[in-house]
Amino acid sequence: MKRVGKQTWVFDEDIYIRAAATAVGPLEADGPLGGYFDIWHRDLYCGEETWELAERRLMSEAVARCLQKAGVSAHDVDLFLAGDLLNQNATSNYVARELPIPFLCLFGACSTSMQTLAAAAAFVAGGLADTALVATSSHNATAERQFRYPTELGVQKPKTATFTVTGAGAALVGRTPGRWRIRAATIGKVIDAGLTNPLDMGAAMAPAAADTIEQHFRDLGTSPSDYDLIVTGDLSRVGSVIVRELLAESGYDISDVYNDCGLMIYRPDQKVFAGGSGCACSAVVTYGYLFHELDRGTFHRLFVVATGALLSQTMVQQKQSIPAVAHGVVIEAAKQEPDSLP
Amino acid sequence: MGLKANYLREVKAFQPSPPYAANAIKAFLVGGALCTLAQWLAEWHSRLFAVSPFAAQLWAVTVMSGLAIVLTAAGKYDDFSQFAGAGAMMLMTGLANALASAAIEHRSEGWTAGVAGQMLKAGGATILYGIIVAYVLGLFWP
């Protein structure tokens, strides 16, 4: 493992994702990627009493299924890294309570999926863990209630609003060979473009995503054509156009290889405004659909850039702007010998 | 001027603007229809039970609020409001929805700290400003 350039970690040794699993709610299961998820629920309560318990159940199920797929007992995992959107990262803490694994809680808002994955790869590469488990979750109703309004409050949302994905994703990182290999990670800086509207997070996060992607290209000396797919977490219909424009201004045309998880997870007619968002958005699309496509050979090398709006209700009410961060991880199909990252 | 150099100003070109005209027309038609319905209810009640027009109006507003609460509990009011916008706020229906939605939302924290304590979360400001405005107007039109 070494740092290349300013913000990028390159993993020369073989760091694998041994297994990954996803659990989702009804709308996600009904979406175009529904068939790629491991566990799906018919209603938002997922058989629990409250929405918070439902979110916890989603993460627990994703973790259990991930360990089951890898054929690994939780006792054999050296480190658990997780985060979510609730205050105090409540979902992750309560899921960790049930696991016999040392736990580091991380918060990166919707960038948590790649934040935990990058950190896990670094811990494994550094020899501090042989096997590290990562997980993240979000739930539409718990996020609405915490960050916006009561779920049933009648407010007219603008077209720029996003729809929090209900789901959870988990992955097991280690040195034991698996089907996917983590090649590099770029840790983003917090960028605040000065926007204050929590119902337009795509525009608030796009500059952070562009900054991380550009820094990644510079650090490694790569260009968009070196990747089969560059995918952002939840920039949605608004932010995904902005990030392309920002990168084009810097001389990088990513249009041919670019997509956004928030645009992939729902059908246009699912009434989700500008698209999906939330920690689970990038997690379930990557761990569910994209890993499947790596297996199929549709893509060989992915650059997944999870985008997080570091939104605090109190700060927004005090008229402070919304900081954002984006972390990117390069993941490859491990079928063949790794060709060198340029 | 590039987007990056002047983000706050240039980004507006990428943010879809609300359909003001369509929203205004929908709000006018839906709000108007609700008011017409409430007026008809009031007149019908006034005739049926031979009560004063004021009592009949109170009854009509109560019925409209009850309808809003039923729609909220059924999970339909937010869809209706997304369509109707300001039209959904006519006649106390908006306030009834604000109180009911907050109460439903916080049921998981119990009756006292949850339902009772949080019920005014979304509608409290409406009630406070409503009282202030009513008081001020009352000074001029007693």
Side-chain angles (χ1 to χ4, degrees), chain A residues 43-45 48-54 141-142 144-146 148-161 191-197 199-208 210-211 214 235-251 271 273-274 321, chain B residues 1-20 22-23 26-27 68-69 71-89 93-110 114 118-123:
Chain A
D43 76 45
L44 268 184
Y45 282 101
E48 298 287 342
E49 286 285 302
T50 70
W51 287 320
E52 283 73 16
L53 293 183
T142 63
E144 281 292 311
R145 158 183 171 138
Q146 178 165 311
R148 298 185 185 107
Y149 313 103
T151 333
E152 296 302 330
L153 182 66
V155 283
Q156 199 170 36
K157 286 189 179 169
K159 289 177 189 165
T160 54
I191 305 282
D192 191 332
L195 296 180
T196 52
N197 182 4
L199 291 175
D200 182 12
M201 297 209 288
M205 295 189 291
D211 189 81
E214 185 181 342
L235 292 184
S236 76
R237 232 172 293 293
V238 178
S240 59
V241 181
I242 300 174
V243 76
R244 265 176 287 182
E245 178 68 23
L246 284 170
L247 285 166
E249 277 186 8
S250 302
K271 291 187 181 170
F273 307 100
S321 53
Chain B
M1 183 74 77
L3 175 62
K4 200 171 182 176
N6 202 347
Y7 191 71
L8 273 183
R9 202 180 68 200
E10 299 295 324
V11 77
K12 291 197 174 77
F14 294 88
Q15 295 166 315
S17 64
Y20 289 114
N23 280 353
K26 283 191 281 189
I69 291 169
L71 277 177
T72 304
K76 298 292 174 207
Y77 196 90
D78 50 343
D79 300 331
F80 165 64
S81 205
Q82 180 68 34
F83 172 80
M89 292 187 182
T93 52
L95 181 63
N97 163 254
L99 299 184
S101 64
I104 293 169
E105 187 85 5
H106 290 279
R107 203 175 50 131
S108 53
E109 284 88 64
Q118 304 284 346
M119 194 171 174
L120 295 176
K121 194 169 88 168

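Numbered from 1 within each chain, the chains take letters A, B, ... in sequence-line order.
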Between A/G194, A/P207, A/A210, which shows the greatest number of heavy-atom pairs under 4.5 Å with chain B?
->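 Highest number of pairs under 4.5 Å: A/P207.
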
Among A/V238, A/T151, A/T50, A/L195, which residue forms the greatest number of heavy-atom pairs with chain B at distances under 4.5 Å?
->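 Top count of heavy-atom pairs under 4.5 Å with chain B: A/T151.
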
Let me know if [X] has heavy atoms under 4.5 Å from chain A in its side chain, its backbone, both or neither.
{"X": "B/F14", "answer": "both"}
{"X": "B/D79", "answer": "neither"}
{"X": "B/F83", "answer": "backbone"}
{"X": "B/A88", "answer": "neither"}

Answer yes or no: is there a donor N or O on one side and an acceptor on the other, between the side chain of [X] and the main chain of [Y], under 3.5 Å?
{"X": "B/Q15", "Y": "A/A203", "answer": "no"}
{"X": "B/Q82", "Y": "A/Q156", "answer": "no"}
{"X": "A/E249", "Y": "B/K4", "answer": "yes"}

A/A141 portion near chain B, given a 4.5 angstrom heavy-atom threshold =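 Answer is backbone: N, CA, C or O of A/A141 sit under 4.5 Å from chain B.
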
First locate atom CG of A/L246, then atom OH of B/Y7, and finally report the distance between them rounded to the nearest 0.5 Å.
->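 OH of B/Y7 is found 6.0 Å from CG of A/L246.
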
In terms of heavy-atom pairs under 4.5 Å, which option from B/N23, B/N97, B/L71, B/V11 contacts chain A the most?
->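 Sorted descending by pairs with chain A, the first entry is B/N97.
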
Lys/Arg N to Asp/Glu carboxylate O, B/E109 vs A/R145, below 4.0 Å |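 Answer for the salt bridge query: yes.
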
